[in-house]
Amino acid sequence: MVDLVKEFNDYRSKMNDKLLADNNLVIKRIFNLDTNAYAEGALDVKTKELLGLVASAVLRCDDCIKYHLETAYKNGVSKTEMMETMGIATLVGGTIVIPHLRRAYEFWEALEENGQ
């Protein structure tokens, strides 16, 4: 079986390095803003990642869903919490989110399998 987590992280890292090496100030600022937005604040990191997961699912961004799933997993989110979050995302986004729900579940299983 293809290692979904490694494949995703390798590609994301390679392309982020290329984008940031291009030295575009706007892109660098957006990346920095994104990083800082998910840092500990009035809301804890776990909550922010689950909020990001809902927004990403509703917007149907598989890369973003994978990123938030992995970060949520690393921050102690349980499978039950993830599924409740994805249930809310599916409710808000409608049935068009179901294919993304399937891929999210598959990616979560890969995270669990790899002990990421």
Side-chain angles (χ1 to χ4, degrees):
M1 178 176 167
V2 175
D3 186 344
L4 296 176
V5 177
K6 183 177 181 343
E7 184 179 290
F8 170 72
N9 285 325
D10 288 351
Y11 177 76
R12 183 176 179 276
S13 180
K14 178 180 88 172
M15 294 311 298
N16 282 353
D17 289 347
K18 287 184 177 193
L19 288 167
L20 293 171
D22 199 41
N23 210 25
N24 181 292
L25 186 59
V26 173
I27 297 220
K28 284 185 174 187
R29 286 181 175 168
I30 290 170
F31 273 54
N32 185 269
L33 178 62
D34 184 68
T35 298
N36 288 326
Y38 289 94
E40 190 81 24
L43 296 174
D44 61 24
V45 172
K46 183 176 164 180
T47 301
K48 288 182 176 186
E49 289 302 331
L50 293 175
L51 289 169
L53 180 57
V54 169
S56 297
V58 170
L59 293 169
R60 302 185 308 273
C61 176
D62 283 331
D63 279 7
C64 301
I65 291 168
K66 288 175 182 175
Y67 174 80
H68 289 294
L69 284 171
E70 184 172 10
T71 308
Y73 183 84
K74 288 179 178 178
N75 280 280
V77 169
S78 69
K79 185 175 189 176
T80 303
E81 291 170 318
M82 180 276 294
M83 285 303 297
E84 188 167 327
T85 300
M86 288 302 293
I88 292 167
T90 306
L91 173 66
V92 172
T95 57
I96 197 165
V97 173
I98 291 172
H100 304 277
L101 173 62
R102 290 183 192 119
R103 288 188 290 274
Y105 196 91
E106 178 185 33
F107 195 77
W108 188 268
E109 285 183 329
L111 289 167
E112 290 179 324
E113 182 179 302
N114 294 334
Q116 296 288 328

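In what follows, every heavy atom counts, from backbone to side chain, and hydrogens, waters and symmetry copies are set aside.
Here the closest non-hydrogen pair linking Lys46 and Asn75 is CD-O, 3.9 Å. The two residues Ala89 and Val97 have their closest heavy-atom pair at O-CG2, 4.2 Å. Across Asn24 and Ile27, no two heavy atoms sit closer than the pair OD1-N, 2.9 Å. Taking each heavy atom of Ala57 and Ile65 in turn, the nearest pair found is CA-CD1, 3.7 Å. For Lys48 against Gly41, the heavy-atom pair with the smallest separation is NZ-N, 4.0 Å.
The hydrophobic clustering, which links ILVMFWY residues whose side-chain heavy atoms are closer than 4.5 Å, places Met86 and Val54 apart. Leu101 and Leu111 fall within a single hydrophobic cluster, where Ile, Leu, Val, Met, Phe, Trp and Tyr are joined by side-chain heavy atoms under 4.5 Å apart, directly or via other members. Transitive grouping of hydrophobic side chains (ILVMFWY, heavy atoms separated by less than 4.5 Å) keeps Leu69 and Val58 in distinct clusters. Transitive grouping of hydrophobic side chains (ILVMFWY, heavy atoms separated by less than 4.5 Å) brings Met83 and Val77 into a common cluster.
Under a cut-off of 6.0 angstrom, the local environment of CD in Glu109 is crowded, with over 12 non-hydrogen atoms contributed by other residues, nucleotides or ligands. Other residues, nucleotides and ligands contribute over 12 non-hydrogen atoms within 6.0 Å of the OH atom of Tyr38. In Phe31, the CZ atom is crowded: over 12 heavy atoms of neighbouring residues, nucleotides or ligands sit closer than 6.0 Å. Counting heavy atoms of neighbouring residues, nucleotides and ligands inside a 6.0 Å radius, atom CG of Leu25 exceeds 12 of them.
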Item to check | Audit row: Lys28, Asn23, side chain to side chain contact (heavy atoms under 4.5 Å, CB included) steps and yes/no | outcome: CA-CA 7 Å; Lys28 284 185 174 187; Asn23 210 25; 2.7 Å; yes
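To the nearest 0.5 Å, atoms NZ (Lys66) and CZ (Arg12) are separated by 12.0 Å. Asp44 CG to Glu49 CD: the interatomic distance, rounded to the nearest 0.5 Å, is 10.5 Å. Between the CD atom in Glu106 and the CG atom in Leu4 there is a gap of 5.0 Å [rounded to 0.5 Å]. Put simply, SG on Cys61 and NE2 on His100 are 9.0 Å apart, with the number rounded to the nearest 0.5 Å. Atom OG1 of Thr35 and atom CD1 of Ile30 lie 12.0 Å apart (nearest 0.5 Å). If you take CZ on Arg103 and CZ on Arg60, they are separated by 11.0 Å, rounding to the nearest 0.5 Å.
The shortest distance between side-chain heavy atoms of Asn114 and Asp3 falls below 4.5 Å. Proximity of His68 to Leu50: side-chain heavy atoms (C-beta onward) are nowhere separated by under 4.5 Å.
A salt bridge between Glu70 and Lys74 is present, with a side-chain N of the basic residue lying under 4.0 Å from a carboxylate O of the acidic one.
Side-chain N or O atoms of Thr71 include one that pairs as donor or acceptor with a backbone N or O of Tyr67 at under 3.5 Å.
The only option from Val92, Thr85, Thr90, Leu91 that meets the side chain to side chain contact (heavy atoms under 4.5 Å, CB included) definition with Ile88 turns out to be Val92.
The aromatic rings of Phe8 and Phe107 sit perpendicular to each other, their planes meeting at more than 60°, with 30° as the lower class boundary.
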